[in-house]
> 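Here it is: the structure, laid out below.
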There are 2 protein chains.
Amino acid sequence: MDELAILEQAKSYRTVERGTMLAEAGEPLDHLSSVVSGCATMSRSFADGRRQMVGLLLPSDFIGRPGRAVSPYNIEAASEVTLCRFERRTFEQLMDRSPNIAHRMLVMTLDELDAARDWAVVLGRMSAREKVINFIVNLARREAAAHDGTVAEGPVQLHLPLSRETIADYLGLTIETTSRQFSALRRDGLIETPSAREVRIPDFARLALEIDDDDGGVIS
Amino acid sequence: MDELAILEQAKSYRTVERGTMLAEAGEPLDHLSSVVSGCATMSRSFADGRRQMVGLLLPSDFIGRPGRAVSPYNIEAASEVTLCRFERRTFEQLMDRSPNIAHRMLVMTLDELDAARDWAVVLGRMSAREKVINFIVNLARREAAAHDGTVAEGPVQLHLPLSRETIADYLGLTIETTSRQFSALRRDGLIETPSAREVRIPDFARLALEIDDDDGGVIS
DNA sequence: AATCGCCCTTGATCTGCATCAAGGCGACAG
DNA sequence: CTGTCGCCTTGATGCAGATCAAGGGCGATT
């Protein structure tokens, strides 16, 4: 556990405001970090303006990969974000010496891999409505996991850390379609929207039911 | 390098015919393998019949994950497939003893992660035509990589290891749309199809150009 | 060579989402 | 209080891809 003590000592914190680019696709990234609070997005853009998010980075998520200097994606703060950072070299040296940390990285990467593949299922085969429900449900689950454990099966309230445009780029939809789906869910009584960034779910089980009898999806 | 010798000794080969399920989603998978020849698919199915492939498994690809007994996806032989297998326990014990192998697994997993994320970009933002071109181009590149290195910029011929239906489920399209896109590419002179499973690309650079000025995609 | 069965292709039509085009609403500044 | 700016919503219309419905080609079997 000596290594963890060294890591502990080597870390530094940094807080950035919304809109800050934490990494540019194809550019070197000399720090590894983990998200402490806030939300960042990983995305790729096309020359013609199309954009697709490939993942959300929420508290406890890891940014950057050991042994890879270059980020293949744009990473941008979607809200104010606080990071816990390590210099890449320091981290890599530690990993070389500690099978423990290396093993932990492998487990983490395997989890991310599953999440990325589940994401492909959502993008490839779900309707706009299902995508939006999936997004809300997973965000709620993720939030709950950070605190206690499971989502309460009664009413749940949650704050959306992303704008409609960002959600749209995440779900592979347009901003208008995304907005319309939120409105439709409101009409159906599945959600309430005290404000655009706030969602209240009166009956979480009922909402989750719309996607879970088919198949689950994953958010990050 | 002692460990590699042990691995060498522990491996066994197995050949299965087209259609064989190598793993069932949610079921334990007690062997790790790598594809020697042929092609397998990883997919998830919905209760209503929708299906989405999350990856192609081509020669040199790895099946199963160390430390995870259960496969989250269906894995099915899309053609006759030969596997090189290791018992999970044997492999895991080796990994625990050899940081070398563990490190190699991490690198491999990170590559798969990038591929899975690139795949999300294809599914989320590309048109049917772009998806099909992307598929053909990457299959050609993958095939070339297995032999020499780069794809010849002149004419290229390749065999499709997948049926139209499988390609459709891979690309998040219907079989009809997929077929129509192949026909359209033929009309445009970008490909020739001596048979349904055979594609000849008269000018590889011209085909690749249709997607590469936007963004690359990845196949597995 | 004839028959069967499996894919693959093509056509006609329908529909979900994109695109185009106005507003509306809340936050913030003066 | 009022104007402005950024973001969100809603409506009208168009189109890419899904769905429905026939064929057609080709390898396998006899």
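Throughout, protein chains are lettered first and strands after them, A, B, ... in sequence-line order, and every chain is numbered starting at 1.
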> Below 4.0 Å from chain A heavy atoms, what is the first contacting nucleotide of DNA chain D and what is the last?
dC7(D) to dA12(D)
> To the nearest Å, how far apart are Phe182(A) CZ and dC25(C) P?
19 Å
> Checking Asp111(B) against Arg65(A) for the salt bridge (Lys or Arg N to Asp or Glu O under 4.0 Å) test, could you report, in this order, the C-alpha distance in whole Å, the side-chain angles of both residues, the deciding distance, and whether it holds?
CA-CA 11 Å; Asp111(B) 284 338; Arg65(A) 289 91 47 78; over 6 Å; no
> Using a heavy-atom cut-off of under 4.0 Å over every strand shown, decide if Arg129(B) touches base, sugar-phosphate, or nothing.
nothing
> For Arg186(B) and Thr193(B), does a side-chain donor sit closer than 3.5 Å to a side-chain acceptor?
yes
> Using whole Å, what does the distance between atom C1' of nucleotide dG16(C) and atom CZ of Arg50(B) come to?
13 Å
> Of Ser127(B) and Ala196(A), whose nearest nucleotide on DNA chain D comes first from the 5' end?
Ala196(A)
> Looking at every heavy atom in both Ala120(A) and Gln52(B), which two are closest together, and how far apart are they?
O-CG, 3.9 Å
> Using atom CG of Leu171(A) as one end and atom P of dA18(C) as the other, report the distance to the nearest whole Å.
10 Å
> At under 4.0 Å between heavy atoms, what does Ser163(B) touch on the DNA or RNA strands: base, sugar-phosphate, or nothing?
sugar-phosphate
> Would you kindly check whether a donor in the side chain of Arg180(B) faces an acceptor in the base of dG11(C), or vice versa, at under 3.5 angstrom?
yes
> On the side chain of Glu176(A), is there an atom forming a donor-acceptor pair with the base of dC20(C) - under 3.5 Å, no angle test?
yes
> Does either side chain, that of Ser60(B) or that of Arg142(B), offer a donor lying less than 3.5 Å from an acceptor on the other one?
yes
> Whole Å only: how far is the CG atom of Leu173(B) from the P atom of dG16(C)?
18 Å
> Answer with base, sugar-phosphate or nothing: what part of the nucleic acid does Arg18(A) contact at a heavy-atom distance below 4.0 Å?
sugar-phosphate
> Please check: side-chain N/O of Arg164(A) versus main-chain N/O of Ala196(A), any donor-acceptor pairing under 3.5 Å?
yes
> Verify salt bridge (Lys or Arg N to Asp or Glu O under 4.0 Å) between Glu112(B) and Arg117(A), making sure each step is shown before the conclusion.
CA-CA 10 Å; Glu112(B) 288 185 68; Arg117(A) 285 177 171 160; 2.9 Å; yes
> Run the side chain to side chain contact (heavy atoms under 4.5 Å, CB included) check on Asp169(A) and Ser43(A) step by step: do they pass?
CA-CA 9 Å; Asp169(A) 283 344; Ser43(A) 69; over 6 Å; no
> Look at the side-chain N and O atoms of Ser183(B) and state whether any lies under 4.0 Å from the OP1 or OP2 oxygen of dT9(C).
no
> Closest-nucleotide mapping onto DNA chain D: is Arg125(A) or Arg186(A) further toward the 5' terminus? I mean the 5' end.
Arg186(A)
